[in-house]
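Report on the following structure.
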Amino acid sequence: MNEVNKTLFIPLYGKSKVSKQGIILKDPDAEKIWKSETFPINGKSASKWLAYNMAMRARVFDDWTERMLDIYKDALVLQVGCGLDSRCNRVKRDYKAWLDCDFSDVLSIRKKYYKETVKYHMVELDATKPEQIGIFPDSDTVILVLEGLSMYLSKEQLHNFLKALEEKYPKLHILMDVYTEFGAKASKYKNPVNEVGVTKVYGIDQLEDVLRGMNLRVQKEHIFTPEYLVKELKPLDRSVFRFLFTGKAYRKIYRLYELS
């Protein structure tokens, strides 16, 4: 497994740790998989503050996916860079079809814990090879979950990937997190992914650069750490967490956008 793929263990650890505490995110799959895989997590990656952040990010993506499924009941849910995430089980809405996509070595581990069904499938995909999207099933509407992916693609690679999806599907609804250019530069010194060997990430200040020549537009900027989730922390943890992961300083590094 290469360095980028190893980053999947950081959010897995965070979700497992928080789920055991009974706050923010109920994720028994993360608890089970983390206990079984026992990947070494140290330094910043093992921080409880990062665990809270990873769990909140996942919860925000979950809640958004549920809202989209309430509106677009016949949509195809497409999660690219799924890692070992259990969103397909955490989301409590019925869906017509769900594809979880990642590299083959990631899926080989994933298939130990998740089983395909008539509605749920796991598909090998390299987002730098958008021609692979041609094998995906047709659908009028796609709910596209891009959590923790964009920062490993250059602007050109991300553009080509989104353009290929837009050309295949009439309606796209996307939730995507991105580093800013400042955040990408700062990651060289402070990002937990460094601890698994990742040395290069990409940032975006103007999404218009990525969306050139496309019909996709930014509809809304979301918050990673909504107050209703922050309030689930103990009072002292809540104060420290707000200082670390909320406000203007955090937004200078990391953003969350809804596109359609």
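These figures come from a predicted structure and were not determined experimentally. The residues of the chain are indexed from 1 along the displayed sequence. What you see below is based on every heavy atom in this structure, not just the backbone, and it leaves out hydrogens, waters and symmetry mates.
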**Prompt:** Is the NZ or CZ atom of R238 positioned over F241's six-membered ring, under 6.0 angstrom from the centre and within 45° of the axis?
**Reply:** no
**Prompt:** Considering only heavy atoms from C-beta outward, does the side chain of L153 approach that of L149 to under 4.5 Å?
**Reply:** yes
**Asked** When rounded to the nearest 0.5 angstrom, what distance separates CZ in F245 from CD1 in I253?
**Response** 9.0 Å
**Request:** Return the set of residues passing ring pair (Phe, Tyr, Trp, His ring centres under 6.0 Å) with H159 (not counting sequence neighbours), or none when no residue passes.
**Result:** none
**Prompt:** Any donor and acceptor pair, going by atom type alone, linking the side chain of S36 with main-chain N or O of I33 inside 3.5 Å?
**Reply:** no
**Asked** Listed by chain and number, what are the side-chain hydrogen bond (donor to acceptor under 3.5 Å, both in side chains) partners of T117, not counting sequence neighbours?
**Response** none
**Message:** Going by the rule salt bridge (Lys or Arg N to Asp or Glu O under 4.0 Å), which residues pair with R251 if we only count those two or more places apart in sequence or in a different chain?
**Reply:** E221
**Request:** Could you tell me the separation between the CG atom of D94 and the CG atom of L69, rounded to the nearest 0.5 Å?
**Result:** 8.5 Å
**Prompt:** Would you call Y114 and S86 a side-chain contact if the rule is heavy atoms closer than 4.5 Å?
**Reply:** yes
**Prompt:** Do L99 and Q79 have side-chain heavy atoms sitting under 4.5 Å apart?
**Reply:** no
**Asked** Can T180 and D205 be counted as having a side-chain donor-acceptor contact under 3.5 angstrom?
**Response** no
**Asked** Is it true that L107 and V123 fall in one hydrophobic cluster, defined by side-chain heavy atoms closer than 4.5 Å?
**Response** no
**Approximate separation, where rounding is to 0.5 Å, of L162 CG and L259 CG** = 7.5 Å
**Message:** Check this for me: Y113, atom OH, are more than 12 non-hydrogen atoms of other residues, nucleotides or ligands nearer than 6.0 Å?
**Reply:** yes
**Message:** For the CG atom of D237 and the CD atom of Q21, what is their distance to the nearest 0.5 Å?
**Reply:** 8.0 Å
**Request:** Look at the side-chain heavy atoms of Ile, Leu, Val, Met, Phe, Trp and Tyr, link any pair under 4.5 Å apart, and say whether I24 and L236 land in one connected group.
**Result:** no
**Non-hydrogen side-chain atoms of I143 and L76 separated by less than 4.5 Å** = no
**Asked** Does any pair with a residue in residues 121-135 pass side chain to side chain donor-acceptor pair (under 3.5 Å), and if so which ones, sequence neighbours excluded?
**Response** D126-T128
**Message:** Quick check: do L256 and V60 have side-chain heavy atoms less than 4.5 Å from each other?
**Reply:** yes
**Request:** Drop me the distance from Y202's OH to E181's CD, to the nearest 0.5 angstrom.
**Result:** 13.0 Å
**Prompt:** Taking it one step at a time, do L175 and L146 satisfy side-chain contact (heavy atoms from CB on, under 4.5 Å)?
**Reply:** CA-CA 6 Å; L175 192 61; L146 298 179; over 6 Å; no
**Message:** To check you understand the geometry: which heavy-atom pair defines the closest contact between L211 and R217, and what is its length?
**Reply:** CD1-CA, 4.2 Å
**Request:** Establish, yes or no, whether a centroid distance under 6.0 Å links the rings of W64 and F61.
**Result:** no
**Asked** Are a donor atom and an acceptor atom from the side chains of S16 and E31 found within less than 3.5 Å of each other?
**Response** no
**Listed partners of K96 passing side-chain contact (heavy atoms from CB on, under 4.5 Å), at least two apart** = D74
**Request:** Applying salt bridge (Lys or Arg N to Asp or Glu O under 4.0 Å), name anything that partners R57, two or more places apart in sequence or on another chain.
**Result:** E147, D177
**Complete:** So the side chain to side chain donor-acceptor pair (under 3.5 Å) pairs with at least one residue in residues 160-172 (sequence neighbours excluded) are D138-K168
**Asked** Does R67 come within less than 4.0 Å of D63, counting only side-chain N to carboxylate O?
**Response** no
**Item:** Sequence neighbours excluded, every pair satisfying side chain to side chain donor-acceptor pair (under 3.5 Å) that has a member inside residues 207-216
**Value:** E156-R212
**Prompt:** Sequence neighbours excluded, which residues qualify as salt bridge (Lys or Arg N to Asp or Glu O under 4.0 Å) partners of K32?
**Reply:** none
**Prompt:** Aromatic ring centroids of Y257 and H222 under 6.0 Å?
**Reply:** no
**Message:** Using the rule given for side-chain contact (heavy atoms from CB on, under 4.5 Å), can you reason through L172 versus L216, listing the C-alpha separation, both sets of side-chain angles and the distance that settles it, and then say yes or no?
**Reply:** CA-CA 8 Å; L172 284 172; L216 281 171; 4.1 Å; yes
**Asked** Any chain of hydrophobic side-chain contacts (each under 4.5 Å) joining V218 to I223?
**Response** no
**Close side-chain approach of T246 and E227, heavy atoms under 4.5 Å** = no
**Residue pair D102 / C82: nearest heavy atoms and the distance that separates them** = OD2-N, 3.3 Å
**Request:** Go through the structure and list residues passing ring pair (Phe, Tyr, Trp, His ring centres under 6.0 Å) with Y254, not counting sequence neighbours.
**Result:** Y179, F224, Y250
**Asked** Atom OG of S104 and atom NZ of K111: how far apart are they, to the nearest 0.5 Å?
**Response** 9.0 Å
**Message:** Once side-chain contact (heavy atoms from CB on, under 4.5 Å) is applied, do any residues pair with A164, and if so which ones, sequence neighbours excluded?
**Reply:** P130, I133
**Request:** Might you point out which heavy atoms bring C101 and L78 nearest each other, and give the distance in Å?
**Result:** SG-CD1, 3.6 Å
**Request:** Could you pull out all residues at least two apart from D85 that satisfy salt bridge (Lys or Arg N to Asp or Glu O under 4.0 Å)?
**Result:** K15, R87, R90
**Joint hydrophobic cluster, Y72 plus Y95, side-chain heavy atoms closer than 4.5 Å** = yes
**Asked** Judged by modelled atom types alone, do Y13 and E37 share a side-chain donor-acceptor pair under 3.5 Å?
**Response** no
**Request:** For the residue pair Y120 and D100, confirm or rule out a side-chain donor-acceptor distance under 3.5 Å.
**Result:** yes
**Prompt:** Under a single-linkage definition using a 4.5 Å side-chain heavy-atom cutoff for Ile, Leu, Val, Met, Phe, Trp and Tyr, are F136 and V145 assigned to the same hydrophobic cluster?
**Reply:** no
**Prompt:** Is the closest side-chain heavy-atom distance between L233 and M56 below 4.5 Å?
**Reply:** yes
**Item:** 4.5 Å side-chain heavy-atom contact, L25 and S19
**Value:** no
